[in-house]
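Scroll down for the structure; my scribbles are underneath it.
Below, all heavy atoms of this structure are taken into account, side chains as well, without hydrogens, waters or symmetry copies. Numbers here are sequence positions counted from 1.
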Amino acid sequence: IEHEKLEKSLLQSNEELDKFAYIASHDLKSPLRGIAQVVSWVEEDLQDTISDEINGHLTLIKNRINRLESLLNDLLDYSRVGRLHGDFIELDPKQFILEIFQLSNPPKEFQCAISTKIQTINTLHVPLALIIRNLVSNAIKHHNRKDGILNITISDQPKFIEFIIKDDGPGIAPQYHEKIFEVFQTLNSRDKVEGSGIGLSIIKKLVKNYNASLNLKSDGISGSTFILHWPKAQTLQEVKNASK
């Protein structure tokens, strides 16, 4: 009886989480876009007389609107972890990484070098893409130069696929290696670097849910290296079956 009560409670919690995710992704975005539209009208009305100071304030408003929309998207992703697995697909790892890098809007000087001998990987595309996208976008976003270099190595190990994502940015000091994975935590001012502070928390939740592992190596001076051990198809299928 207690087990049935617990199961019923969990189902109810999931339903409430789904409702929250729907509200966050739809109802809250509508007024946000309305504010963005008003800001654009103000810019148009003042385009010939606008001062640098007012222009700076309007830019700040737009940045914060974008940040809030990003936060809503990330909250939606966070709530879905472990419940929306997506499908297994055969992917070309090099092309997979390259597409994620290009969609992360890097500066034109930024480079991404990909090294792998693997031709295809049979895997769950959605969770893996979420992890890699957050790691790649963070490496670009938090870099201290526009001409940074991202080196990504993918190798086939007996029980998992290893992704090594190494950047040549400022690095992350050892005392912050745990903190950065907490919800809403970011090491830079949000007006300096746009971000919701949820990206790495999504990664942590995904890694735990799919029996993967993620390690960070950085001295806080000479770049950061994230090492992801992503399970092979059989383990992922077991995780997917267990959540039904």
Side-chain angles (χ1 to χ4, degrees), residues 21 24-25 66-108 110-116 118 120-143 148-154 160-169 172 180-188 190 193-210 212-216 218 223-231 236:
S25 63
N66 290 335
R67 183 195 308 155
L68 184 50
E69 186 161 6
S70 175
L71 173 61
L72 294 174
N73 289 332
D74 287 345
L75 281 171
L76 183 60
D77 286 341
Y78 190 79
S79 71
R80 286 173 164 174
V81 170
R83 293 183 295 121
L84 297 178
H85 304 283
D87 297 321
F88 280 91
I89 68 167
E90 292 281 342
L91 59 82
D92 176 337
K94 200 165 186 176
Q95 186 64 30
F96 169 69
I97 296 291
L98 187 59
E99 288 176 358
I100 288 176
F101 174 73
Q102 292 170 342
L103 289 172
S104 298
N105 195 30
K108 61 181 181 180
F110 212 101
Q111 299 177 52
C112 181
I114 307 166
S115 175
T116 184
I118 304 175
T120 60
I121 299 173
N122 181 30
T123 191
L124 287 172
H125 177 267
V126 172
L128 180 59
L130 270 174
I131 293 174
I132 300 298
R133 175 170 62 81
N134 275 290
L135 291 175
V136 168
S137 63
N138 275 348
I140 297 169
K141 185 166 48 180
H142 296 286
H143 208 290
I149 299 175
L150 194 57
N151 286 288
I152 301 179
T153 304
I154 311 160
F160 52 80
I161 304 296
E162 182 178 72
F163 294 82
I164 300 177
I165 300 172
K166 183 178 182 181
D167 66 62
D168 62 345
I172 302 168
I180 60 170
F181 289 100
E182 297 173 9
V183 178
F184 301 125
Q185 292 296 325
T186 179
L187 302 183
N188 292 301
R190 286 188 172 89
V193 178
E194 289 297 329
S196 65
I198 299 182
L200 288 175
S201 299
I202 292 174
I203 291 175
K204 182 179 179 181
K205 196 174 179 183
L206 284 164
V207 164
K208 181 179 180 181
N209 189 75
Y210 290 97
S213 70
L214 181 69
N215 293 304
L216 166 60
S218 179
S224 302
T225 301
F226 285 91
I227 303 171
L228 171 67
H229 288 168
W230 185 246
L236 294 174

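- Once rounded to the nearest 0.5 Å, the distance linking CD1 of I97 with CZ of R133 reads 13.0 Å.
- Summarising the geometry, atom CG belonging to L228 is positioned 7.0 Å from atom CG belonging to L128; distances are rounded to the nearest 0.5 Å.
- For the residue pair G223 and S218, the shortest heavy atom distance occurs at O-OG, 2.8 Å.
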Taking only distance into account, with no hydrogens and no angle test, what donor-acceptor pairs under 3.5 Å do side-chain atoms of residues 101-108 form with protein atoms, sequence neighbours excluded?
residue	atom	partner	partner atom	Å
S104	OG	I100	O	2.8

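- The distance from the CG atom of L91 to the CD1 atom of I121 is 5.5 Å, given to the nearest 0.5 Å.
- The shortest heavy-atom contact between F96 and A129 is CZ-CA, 3.7 Å.
- Going from atom CG of L135 over to atom CZ of F163 covers 10.5 Å, rounded to the nearest 0.5 Å.
- Residues L130 and N134 approach most closely at O-ND2, 2.8 Å, considering heavy atoms.
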Review point. Stepwise, does the side chain to side chain contact (heavy atoms under 4.5 Å, CB included) test hold for D167 with F110?
Key: CA-CA 11 Å; D167 66 62; F110 212 101; 5.8 Å; no
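- With values rounded to the nearest 0.5 angstrom, I114 atom CD1 is found 6.5 Å from I154 atom CD1.
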Can you check side chain to side chain contact (heavy atoms under 4.5 Å, CB included) on F226 and I203, steps first, answer last? CA-CA 11 Å; F226 285 91; I203 291 175; over 6 Å; no
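- The side-chain contact (heavy atoms from CB on, under 4.5 Å) search around S115 returns T153, not counting sequence neighbours.
- When all heavy atoms are compared, the tightest approach of C112 to I152 is SG-CD1, 4.0 Å.
- Residues H143 and I149 come closest through the heavy atom pair NE2-N, 4.3 Å.
- Evaluation of the side-chain hydrogen bond (donor to acceptor under 3.5 Å, both in side chains) rule for E99 yields Q95 as partners, not counting sequence neighbours.
- Going from atom CG of L214 over to atom NZ of K208 covers 14.5 Å, rounded to the nearest 0.5 Å.
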